[in-house]
Number of protein chains: 2
Amino acid sequence: MQSYTEENYLKEIYHLSQNGQAVQTNAIAEKMQTKAASVTDMIKKLSEKDLVNYIRYQGVTLTRKGEQAAISIVRKHRLWEVFLVDKLQFKWDEVHDVAEELEHIKSNILIERLDAFLGHPKFDPHGDPIPDQHGKIAAFNFDQLSKLKIGDSGTLTGVTEHSSPFLKHLEKLGLTLGKKIVVQDVLEFDGSIELKLEERVLNLSKEVSNHLLVSLS
Amino acid sequence: MQSYTEENYLKEIYHLSQNGQAVQTNAIAEKMQTKAASVTDMIKKLSEKDLVNYIRYQGVTLTRKGEQAAISIVRKHRLWEVFLVDKLQFKWDEVHDVAEELEHIKSNILIERLDAFLGHPKFDPHGDPIPDQHGKIAAFNFDQLSKLKIGDSGTLTGVTEHSSPFLKHLEKLGLTLGKKIVVQDVLEFDGSIELKLEERVLNLSKEVSNHLLVSLS
DNA sequence: TATTATATTTAGACAAATCTAAAAATTAAA
DNA sequence: TTTAATTTTTAGATTTGTCTAAATATAATA
Ligand SMILES: [Mn+2]
Ligand SMILES: [Mn+2]
Ligand SMILES: [Mn+2]
Ligand SMILES: [Mn+2]
């Protein structure tokens with residue numbers, strides 16, 4: 001078993017590994033809001049436990065064992081987020097911190113029962129896929145809204161930025177998951193995008209549209 | 001805020017305080033499965049934080065602040081137990097360890113939403129009262145089954161022993177909360193009690209009946 | 001009351017996770 | 001290819017919660 005802290009490191013390394021390359025000490029330190037020296041200490045410990053591959057000065061990658069552990073935590077995090085939103089009326093910008101704690105509760109039966117209770121959801125409130133009990137993550141093919149061309153249309157299926165101010169902003173604009181949008185214009189000038197959303201026309205900055213995922217229709 | 005460990009100490013001191021007297025170091029050590037020296041250390045820390053009144057060699061009592069903190073944890077523990085049983089089909093003998101972890105999740109909004117979601121339950125799956133958000137505990141007046149006389153009848157409303165073997169045993173006998181019983185005989189010899197439960201006649205040892213609570217009818 | 005037994009506290013150490021400051025390795029720039 | 005900048009690691013401390021062993025206080029017994 002891993003400690004609460006080890007689990008947080010594993011999850012963070014997992015998220016930072018998505019590009020395929022070894023993860024740097026400083027990158028972990030920044031995400032974990034700690035110091036590089038502390039990261040080195042923890043990496044050595046995780047390496048000792050065969051959860052990461054570690055070569056001094058070369059960064060870390062997760063072992064299969066480490067990846068499975070990380071995915072299990074991600075699964076729990078996302079299932080608890082669904083619970084908070086679907087059953088306890090939390091807003092999508094309010095769930096993260098609580099899920100950050102709940103993800104560490106150790107009980108397989110609990111998480112499988114919760115999964116069933118929620119109806120085996122495939123995505124969390126931010127559109128992120130929920131790994132199944134074997135660690136399988138459903139393939140999905142979404143595009144950054146900022147990559148679309150004039151005339152393209154689709155459905156908003158995810159966000160890649162989870163901060164409360166950002167999510168509240170989307171909420172206010174009516175840009176919630178499942179909404180249909182049509183690209184009406186893309187401005188050369190600043191890369192901002194103009195789209196139609198339920199009769200209304202919105203203008204989104206490049207910065208915002210970078211963090212929105214859509215499935216084309 | 002208190003640490004996970006401090007919260008566990010506070011809760012245990014609270015449970016041991018029910019007789020009104022100061023709680024002894026060794027009593028805490030036994031319940032917490034630790035050593036007296038460790039308890040002394042922690043007591044000093046809790047005293048420093050004004051959560052317990054402590055006089056060397058004289059045991060501890062909770063301050064108002066400490067009692068409120070302890071009751072808050074008990075509230076969370078019992079609400080989570082209700083959730084596990086009512087919503088996730090846990091058996092009453094399976095909930096304790098998981099609730100032991102869940103009780104430490106820090107979020108007031110979470111626990112108030114959970115309370116509402118569960119329909120503001122007054123008792124947990126073992127018949128223990130659930131304190132309200134202000135720390136108030138509903139008065140209740142139950143009797144130990146072992147104190148009843150021949151001819152007395154009532155409803156099973158609680159258990160004072162939460163171990164899984166004990167609860168499984170009751171389950172097998174059909175002795176679950178809400179069941180009506182009538183005392184048919186009390187044996188002088190060993191204090192065992194004979195009672196009628198839905199057409200059947202059961203004989204319970206003094207040991208068992210000591211841990212059952214009934215409300216007389 | 002003196003002695004013995006029990007309960008509690010201190011002293012000193014240890015493991016986990018963190019930090020600061022300094023040293024070492026790697027990478028980038030001149 | 002030296003030098004400079006960046007990244008990473010080590011060394012040594014600190015905090016939290018724990019432990020064992022020894023000392024001290026309280027309670028029970030003779
Ligand atoms: Mn976490
Ligand atoms: Mn999420
Ligand atoms: Mn606990
Ligand atoms: Mn209970």
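Labels below follow one simple rule: chain letters A, B, ... track the order of the sequence lines, proteins then strands, and each chain is numbered from 1.
Contact annotation for T25(A): backbone-only contact, meaning every heavy-atom pair under 4.0 Å involves sugar-phosphate atoms and none involves a base. Among the atoms of the strands shown, none is found under 4.0 Å from any heavy atom of Y4(B). Contact annotation for T40(B): base contact, defined as any heavy-atom pair under 4.0 Å involving a base atom.
S47(B) places no side-chain N or O within donor-acceptor distance of the main-chain N or O of I43(B), the cut-off being under 3.5 Å.
A cation-pi arrangement is found for K87(B) relative to F117(B), the charged atom lying closer than 6.0 Å to the ring centre and inside a 45° cone about the ring normal.
Atom CD of E48(B) is separated from atom P of dT15(D) by 14 Å (rounded to the nearest Å). Rounded to whole angstrom, the span from the CD atom of Q2(A) across to the P atom of dA16(C) amounts to 14 Å. Q58(B) places its CD atom 7 Å from the P atom of dA27(D), with the value rounded to the nearest Å. If you measure from atom CD1 of I55(A) to atom P of dT26(C), you get 11 Å, rounded to the nearest angstrom. Between the CD atom of E30(A) and the P atom of dT7(D) there is a distance of 10 Å, given to the nearest Å. Taking atom CG of residue D41(A) and atom C1' of nucleotide dA13(D), one finds them 12 Å apart after rounding to whole Å. Here dT9(D) presents its P atom at 9 Å from CD1 of I28(A), a figure rounded to the nearest Å. Summarising the geometry, the separation between CG on L46(B) and P on dT9(C) is reported as 13 Å, rounded to the nearest angstrom.
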TODO: Mind running side chain to side chain contact (heavy atoms under 4.5 Å, CB included) on Q2(B) and L10(B) for me, showing each step along the way?
DONE: CA-CA 10 Å; Q2(B) 292 92 42; L10(B) 286 174; 4.1 Å; yes

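Applying the 4.0 Å criterion to OP1 and OP2 of dT8(D), one finds that Y54(A) has every side-chain N and O outside that range. Between K44(A) and dT10(D) there is a side-chain N or O to OP1 or OP2 distance below 4.0 Å. Side-chain N/O atoms of Q24(A) include one lying less than 4.0 angstrom from OP1 or OP2 on dT8(D). Side-chain N/O atoms of Y9(A) include none lying less than 4.0 angstrom from OP1 or OP2 on dA16(C). Of the side-chain N and O atoms in R56(B), one or more sit less than 4.0 angstrom from OP1 or OP2 of dT10(C). Remark: K35(B) is in phosphate contact with dT20(D), judged by side-chain N or O atoms under 4.0 Å from OP1 or OP2. At least one side-chain nitrogen or oxygen of T34(B) sits closer than 4.0 Å to the OP1 or OP2 atom of dC19(D). Within the structure, every side-chain polar atom (N or O) of N26(A) is placed at least 4.0 Å from both OP1 and OP2 of dT6(D).
When distances are taken from the side chain of S38(A) to each of dA21(C), dT20(D), dT18(C), the shortest belongs to dT18(C).
A side-chain donor from one of E171(B) and W92(B) sits under 3.5 Å from a side-chain acceptor of the other.
For the ring pair (Phe, Tyr, Trp, His ring centres under 6.0 Å) with H162(B), the qualifying choice from H15(B), H126(B), H77(B) is H126(B), the only one to do so. A salt bridge (charged side-chain N to carboxylate O under 4.0 Å, His left out) with R75(B) is found for one member of D115(B), D124(B), D128(B) and no other, namely D115(B).
Side-chain atoms of Y57(A) and base atoms of dT9(D) include no donor and acceptor less than 3.5 Å apart.
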